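Comments concern the structure below.
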Amino acid sequence: MAILITGGCGYIGSHTCVEMLSAGYDIVVMDNYYNSKPEALVRIKELSGKDFPFYECDIRDAEGLRRIFRENKIEAVIHFAGLKAVGESVRIPLAYYDNNVGGTVVLCQVMAEMGCKRMIFSSSATVYGTGNPSPLKEDMPTGAVTNPYGRTKHMIEGILQDLCVSDPEWSVILLRYFTPIGAHESGRIGEDPNGIPNNLMPYISQVAIGKLPRLSVFGNDYDTPDGTGVRDYIHVVDLACGHVRAVDYALTHTGAQAINLGTGNGCSVLDLVNAFVTANQVEVPYVIAPRRPGDVAVCYSDPTKAGELLGWTANRDLTDMCRDTWRWQNQNPRGYDN
Ligand code: NAD
Ligand code: UDP
């Protein structure tokens, strides 16, 4: 029996493949390479020393999915595939609803048809939206989202919860990620954004290596200790390990569970810049810029439920996150294109 990993060539997916293989699971990977490269597969195999089937396939392609289920014994799906750029989702919302929501519906239809009813879904802290105080807990209200990307995550959570109500054989874990950063400690896999990064950590590392002149800090007038936005940064390998625990859980339970994956620690933009400079002995010039529309001031998790249900806690700190990001950036200045 194997676990199907959709979007397994992407940033979080590639790290999860490595951790799943090292935990002894067999995996099958599928991706349409919209935001990833085949080289990620080469490196996953190199790091794990294991081989596995790969399908170049789109989650909206029902016949392509059927073939994967026919050719492999799939007992659960870790579903990463989707579009994730917040700004782009405002410009082209239909592409986001089609890919993320439509794609997930097709995937669930084929899973049900093939008798595979266990899914780990990549949700996001963004579903907590505005109006909830941090630390954010799973039973707080969700849905006051600020962009179409966030709405797709909230809609998919609802769809998967409805599915579990309609059929008690389904098992769904909605993993609400806080802000993943860092890279595998080998420096062989990491985040490889196309063009100019939208997110803070890849931006910092591209400034540090001299690809970009300076960081713009989006607002220093928030109601936070230093005025800059506070997030719960989590090492991508800790996040990947959370998926292994979630699969263990989904194989032995039914019903839907939303679970935060975060450290529980709030870190400001300037805290992260300073941690990066100290950990790596590099310079990161920055300027203060206006707030980014749609950003909340503070967003960090209460990770208690993940500890209780999955026996999981994050154990890598900010220094690890900064060092591992820098190692990846330095060893792969052009990402997977080297
Ligand atoms: P990513 O873009 O690196 O990985 C997503 C992968 O899915 C890519 O390899 C892409 O080619 C593939 N893909 C996209 N659409 C597809 C389709 N229709 N069919 C098949 N493959 C498709 O992103 P990531 O950072 O690894 O994120 C993985 C998941 O986690 C996404 O669903 C994302 O929304 C969610 N998430 C990410 C973050 C974050 O900050 N990175 C935070 C919260 C949630
Ligand atoms: N941020 C910033 N400059 C950038 C990118 C991000 O100041 O170039 C800030 C952003 O306003 C937020 C924090 O960094 O307070 C984290 O942003 P990111 O997009 O990485 O993660 P998210 O907000 O989606 O969790």
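The model shown is predicted, which means the values in this text are computed figures rather than measured ones. Whatever order the structure lists them in is the order used to number ligands and atoms, beginning at 1.
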Query raised in the report: For Phe80 and ligand 1, does the shortest N/O to N/O distance drop below 3.5 Å?
Result: yes

Report task. Could you list the atoms of ligand 1 found under 4.0 angstrom from a heavy atom of Ser123? Result -> 43 (C), 44 (C)

Query - Per-atom contacts, ligand 1 versus Tyr34 - under 4.0 Å to a heavy atom - result: 11 (O)

Query raised in the report: Do Lys84 and ligand 1 have an N or O pair less than 3.5 Å apart?
Result: yes

Report task. Please state whether Ala125 comes within less than 4.0 angstrom of ligand 1, counting heavy atoms only. Result -> no

Report summary line: Closest to atom 11 (O) of ligand 2 among protein heavy atoms sits Asp295 OD2, 2.6 Å

Report summary line: Closest heavy-atom approach to atom 18 (N) of ligand 1 among Asn198, Asn99, Val29 is made by Asn99

Query - Heavy-atom gap Asp31 to ligand 1 smaller than 4.0 Å - result: yes

Query - Which segment of Glu191 sits under 4.0 Å of ligand 1 when only heavy atoms are counted - result: neither

Query raised in the report: Applying a 4.0 Å heavy-atom criterion (strictly less than), which segment of Asn199 is in contact with ligand 2: side chain, backbone, both, or neither?
Result: both

Query - Distance from atom 26 (O) of ligand 1 to nearest protein heavy atom, with residue and atom - result: Ile12 N, 2.8 Å

Query raised in the report: Going by the atom numbers of ligand 2, which of them fall below 4.0 Å from some non-hydrogen atom of Gly229?
Result: 15 (O)

Requested in this report: Could you tell me whether Ala81 and ligand 1 have an N or O pair separated by under 3.5 Å?
Outcome: no

Requested in this report: Heavy-atom contacts with Ser122 under 4.0 Å: which atoms of ligand 1 show up? List them by number with element.
Outcome: 29 (C), 30 (O), 32 (O), 35 (C)

Query raised in the report: Would you say Ser14 contacts ligand 1, with heavy atoms under 4.0 Å as the rule?
Result: no

Query raised in the report: What do we get for Ser216 next to ligand 2 when only non-hydrogen atoms under 4.0 Å count, side chain, backbone, both or neither?
Result: backbone

Requested in this report: For the residue pair Asn35 and Asn194, confirm or rule out a side-chain donor-acceptor distance under 3.5 Å.
Outcome: yes

Query raised in the report: Can you check whether Pro180 has an N/O within less than 3.5 Å of an N/O in ligand 1?
Result: no

Query raised in the report: Looking only at protein heavy atoms, which one is nearest to atom 21 (O) of ligand 2, and how far off is it?
Result: Thr179 CG2, 3.7 Å

Query raised in the report: Do we see a donor-acceptor contact under 3.5 Å between the side chains of Tyr233 and Asp317?
Result: no

Query raised in the report: Which of the atoms of ligand 1 are close to Tyr149, meaning less than 4.0 Å from one of its heavy atoms?
Result: 33 (C), 34 (O), 35 (C), 36 (N), 43 (C), 44 (C)

Report task. Specify the protein heavy atom at minimum distance from atom 1 (N) of ligand 2: its residue, its atom name, and the distance to 0.1 Å. Result -> Phe218 CD1, 3.6 Å

Query raised in the report: Under 3.5 Å between some N or O of ligand 1 and some N or O of Tyr177?
Result: no

Query raised in the report: Do any heavy atoms of Tyr233 fall under 4.0 Å from ligand 2?
Result: yes

Report summary line: ligand 1 atoms nearer than 4.0 angstrom to some heavy atom of Tyr33 are 11 (O)

Query raised in the report: How does the hydrophobic cluster around Tyr128 look, that is, which other residues are in it when side-chain heavy atoms under 4.5 Å mark a link?
Result: Leu136, Met140, Phe178

Report summary line: A student checking ligand 1 against Ile59 at a 4.0 Å heavy-atom cut-off should list atoms 17 (C), 18 (N), 19 (N), 20 (C)

Query raised in the report: Which residue, Tyr249, Phe80, Phe121, Trp312, forms the ring-ring contact (aromatic ring centres under 6.0 Å, His included) with His243?
Result: Phe80

Report task. Taking only heavy atoms of Leu215 into account, list the atoms of ligand 2 that are under 4.0 Å away from them. Result -> 3 (N), 8 (O)

Report task. Could you tell me whether some N/O pair between Ser124 and ligand 1 is separated by less than 3.5 angstrom? Result -> no

Query - 4.0 Å heavy-atom contact, Thr179 with ligand 1 - result: no

Query raised in the report: Among protein heavy atoms, which lies nearest atom 22 (P) of ligand 2, and at what distance?
Result: Arg231 NE, 3.7 Å

**Report entry** Numbered atoms and elements of ligand 1 in range of Cys57, under 4.0 angstrom, heavy atoms
**Finding:** 19 (N), 20 (C)

Requested in this report: Any atoms of ligand 1 less than 4.0 Å from a non-hydrogen atom of Ser36? List them with their elements.
Outcome: 8 (C), 9 (O), 11 (O)

